[in-house]
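All chains are named by letter (A, B, ...) in the order of the sequence lines, taking the proteins before the strands, and each is independently numbered beginning at 1. If you're wondering where the values come from, they're calculated on a predicted model, not measured in any experiment.
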There are 4 protein chains.
Amino acid sequence: MATIRKSARSTHPAAERPHPDATRRSQRSRQAIYDAALALVGEVGYPKTTIEGIAARAGVGKQTIYRWWSSKAEVLLEAFLDLGEQAVQAQGQQEEPYAIPDTGDIAADLKAVLRATVDQLYDPKFEAPSRALAAEGLVNEQLGREFVAKLLEPSLQLHVDRLRAAQAAGQVRPEIDPRIALELFVSPLAQRWLQHTAPVSYAYTDTLVDYALYGLAPR
Amino acid sequence: MATIRKSARSTHPAAERPHPDATRRSQRSRQAIYDAALALVGEVGYPKTTIEGIAARAGVGKQTIYRWWSSKAEVLLEAFLDLGEQAVQAQGQQEEPYAIPDTGDIAADLKAVLRATVDQLYDPKFEAPSRALAAEGLVNEQLGREFVAKLLEPSLQLHVDRLRAAQAAGQVRPEIDPRIALELFVSPLAQRWLQHTAPVSYAYTDTLVDYALYGLAPR
Amino acid sequence: MATIRKSARSTHPAAERPHPDATRRSQRSRQAIYDAALALVGEVGYPKTTIEGIAARAGVGKQTIYRWWSSKAEVLLEAFLDLGEQAVQAQGQQEEPYAIPDTGDIAADLKAVLRATVDQLYDPKFEAPSRALAAEGLVNEQLGREFVAKLLEPSLQLHVDRLRAAQAAGQVRPEIDPRIALELFVSPLAQRWLQHTAPVSYAYTDTLVDYALYGLAPR
Amino acid sequence: MATIRKSARSTHPAAERPHPDATRRSQRSRQAIYDAALALVGEVGYPKTTIEGIAARAGVGKQTIYRWWSSKAEVLLEAFLDLGEQAVQAQGQQEEPYAIPDTGDIAADLKAVLRATVDQLYDPKFEAPSRALAAEGLVNEQLGREFVAKLLEPSLQLHVDRLRAAQAAGQVRPEIDPRIALELFVSPLAQRWLQHTAPVSYAYTDTLVDYALYGLAPR
DNA sequence: TCGTAAACGAGACGGTACGTCGCGTCTTTAT
DNA sequence: ATAAAGACGCGACGTACCGTCTCGTTTACGA
């Protein structure tokens, strides 16, 4: 089940890019490529990570990479997604893999989630590849959209869900659009982290939640 | 006069990087390099813009580029800054080149500024180089900080100023930190534009201002 | 019958290279490979003829080629030999397929044979593969010996035979070694053709025969 | 003088192939490439000699080879020609570098020259590159003609000269065409060596001269 | 006013990586 | 068991740029 669903998910449907026969694909090579890509990005950085280097480290021919991916960014994106899937599988098979806790106190819940997000953003395993992918996405719109759809939006959707619950509980005004609302606290954090515009601390994220919930104008 | 002042301003002080005699520098070449860099980024995109290409297009030896800059990102950053300066000079010699209008209505003023920002973000002359520089900055921290300091912060400071004025006028709570507050509406816009996470419209930016000022929680 | 004899003849005995069961070999594939190899050498030249290309054109798996031959030169050599056999079979079933005519006039007979040889050398069907095989043979001694033994020597032997007959008829000195003698007119032609050292004409080959028979020194 | 003439000779005139500025060419790299090419052909054989290998062994970028030559065959041809020139220069600056001796006895002189030729053909330094170039020339007509014009014909011309002297001395019939006549003894030797059609010995080349001078027919 | 030292254009050079092609091996599915 | 199909590890191809390094040639300064 889980296995089947996974292989169905992570194997590219033939429609996406014209692939050779995916059923004969070497899973050993694929995993080795993922590992090598993530390791190299972590060790030498994205710009110095080369397809040739990935192939060499994975013990794989270059053509095996070019056969299944169209750029090193695509490789890294899939490797990173795979990493996430494996992390999920490793920590148990809960039905709802990720969700924002709902203690009834929207402010507290959001602050907790943002603090966890900060931790993740500065986790070395996570930081190098996600910065690299984000950077590539800025300039390569196709990849950018893939990055957003596969990595960013699923996580943002959790915020939407929690905000809707808060609306139902009367803690957020009903006319508020949750998809926009979440950006009030998520985007500032994202920008500080991505662009180093200013330091990030728990105090900062807590403040963001407060400002967003209660606004800037006198009440 | 203008020429002299300009060259004094935008030439790096000798301390920053060990330069040859800057007084003998060819302004013709410098300008040709700026023009070529901006043109190429616009025409073929940042990744396909090469130093060799810039040199060829500018009719300049490669060494002339390597003598004065350390990477194509540095070239583009200076070229882009220079473009801004020239735009400023072209539109007149006002003392305070940029400032957010203060009509007394903070909401209206912010909405107007954000709408203007949207227009600028999607101006083709502006978009390609600034995306490219932003992308490079994500992965290259040194350049990222330069990008933020020279391009982003000056513009954010204007928001800080306007918010302080609003605080003085009692339209924004006094305990609010303006440097954080501005991110409530600026960062969401920046993220949507940079990462294509969602479309950007005047309605959207107006909404951002409203949410930010009055918060999400019932009043 | 014919088929069986043929396959027995042109299939390598198991001792030469360790073959799989030759009795189960697909004659369809074999012929398709021969046709493809000859066609490709004629169309794109020997260096651009590849095993992959032959397999694709023959509608055959690469392994089917590697199973039965050890190099593209071997394939071509066999294909070329097969072509010769088919030509022989096509033009009738005489017992002695080739022999130099013996009209009693050794000079006339040799001139006639050399003219026929010239025609064959510049026959497009013949030229491309035999040049290619000769070239490969220069550098690959094993193949060179095979080429000589299977293609060149049988034809030279006919000259030996005819020269011996001329010796019996008193038209050639008895102490002459026919195997060396034939080279006086065959090798110059071969070299002009192979190495483009000079043009080849009937007048030229006639002259060769005259010079060879009567020598350079005054009589 | 000698130096000037040499550099004028071995630098390609701009007409031959569209070269970059030949005056700025690195003679160090050129010589290193020649040395590497000849060494590799001798050590691993022509087919396993690669441009990449030559570049690596010469301590040179691949582009430096591609800038000045169009194929490994061209490199080897020039290297081989250069080797010859250096050999000539090394053994003294005689005006007439090569000529067939003229003792008055044409048979003896030709036998001596052919014996020397045999020695040269089986000299390891000479054999590998010249076989390789000959082989390439069979299949690549352009290179073949270059090979013939630059290496073969000059040497054949010496035979023409000696035969003309013999004609003047009445040792060769006046109506004989020396350019054809020389092939009677040169081509058979060439073919035996190139194609391994039969072994080569001094006795064999002596016989060739005798047969060629006095013919096959009874006198 | 004229050297003269710099910056300059041009581009050759040693390299690295690119993306492609073909090799020879191996595995899978079908006949 | 042979065959078609083709994925795989591998190595070389020929190209594009990198950043460094000469080369003359301007060019602007200070003697």
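Each of F:dA3, F:dC8, E:dC13 was ranked by its minimum atom distance to the side chain of C:T64; first place goes to F:dA3.
The separation between B:I65 atom CD1 and F:dT20 atom C1' is 15 Å, rounded to whole Å. In this structure, CG of B:D21 is placed 17 Å from P of F:dT27, rounded to the nearest angstrom. Taking atom CH2 on B:W69 and atom C1' on F:dC18, their separation rounds to 18 Å, with Å as the unit. Taking atom CD1 of B:I33 as the reference point, atom P of E:dA7 lies 14 Å away to the nearest angstrom. Rounding to whole angstrom units, CD of residue D:Q27 and P of F:dC23 are separated by 13 Å. When rounded to the nearest whole Å, the span between CZ of C:R25 and P of F:dT2 equals 12 Å. F:dG9 atom P lies 14 Å from atom CD1 of A:I54, rounded to whole Å.
A residue-by-residue look at D:R28 and B:G59 shows that B:G59 has its nearest nucleotide of DNA chain E further toward the 5' end.
Residues passing the side-chain contact (heavy atoms from CB on, under 4.5 Å) test with D:S29, sequence neighbours excluded: D:S26, D:V60, D:T64. Here A:R24 pairs with nothing under the salt bridge (Lys or Arg N to Asp or Glu O under 4.0 Å) rule; sequence neighbours left out.
C:E78 has its side chain out of reach of C:I33: every pair of non-hydrogen atoms, C-beta onward, lies at least 4.5 Å apart. Between C:I51 and C:Y66 the shortest side-chain heavy-atom distance falls below 4.5 Å.
For the pair A:R25 and A:W68, the distance from NZ or CZ to the six-membered ring centre is under 6.0 Å and the angle to the ring normal is within 45 degrees.
Smallest separation of non-hydrogen atoms from A:L76 and A:A132: CD2-CB, 4.0 Å. Of all non-hydrogen atoms in A:A37 and A:V75, the two that sit nearest each other are CB-CG1, 4.0 Å. Among all heavy-atom pairs drawn from B:A135 and A:V139, the shortest one is CB-CG2, 4.0 Å.
Rounded to 10°, the helix from E:dT1-F:dA31 to E:dT31-F:dA1 has 10° between the axis fitted to its first five pairs and the one fitted to its last five.
Using a 4.0 Å cut-off on heavy atoms, none of the residues of residues 131-140 of chain B approach DNA chain F.
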So if I define the base as every atom that isn't primed, P, OP1 or OP2, how would nucleotides 22-31 of chain E read as a B/S/- string at a heavy-atom cutoff under 4.0 Å? SBBBBB----
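A donor atom on one side chain and an acceptor atom on the other are found under 3.5 Å apart for C:E146 and C:Q142.
Note that the CZ atom of B:F80 and the CG atom of B:L38 stand 8.0 Å from one another [nearest 0.5 Å]. The distance from atom CG of A:L143 to atom CG of A:L77, rounded to the nearest 0.5 Å, is 5.5 Å.
In terms of phosphate contacts, B:R67 brings no side-chain nitrogen or oxygen within less than 4.0 Å of OP1 or OP2 of E:dA7. Phosphate contact (OP1/OP2 of E:dC8, side-chain N/O of B:W68, threshold under 4.0 Å): present. For B:S29, a side-chain nitrogen or oxygen approaches OP1 or OP2 of E:dG9 to under 4.0 Å.
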Name the atoms and distances for all side-chain donor-acceptor pairs under 3.5 Å in residues 39-47 of chain C, with sequence neighbours left out.
| unit_1 | atom_1 | unit_2 | atom_2 | d |
| --- | --- | --- | --- | --- |
| C:E43 | OE1 | C:R57 | NH1 | 2.9 |
| C:E43 | OE2 | C:R57 | NH2 | 2.8 |
| C:Y46 | OH | C:E136 | OE1 | 3.0 |

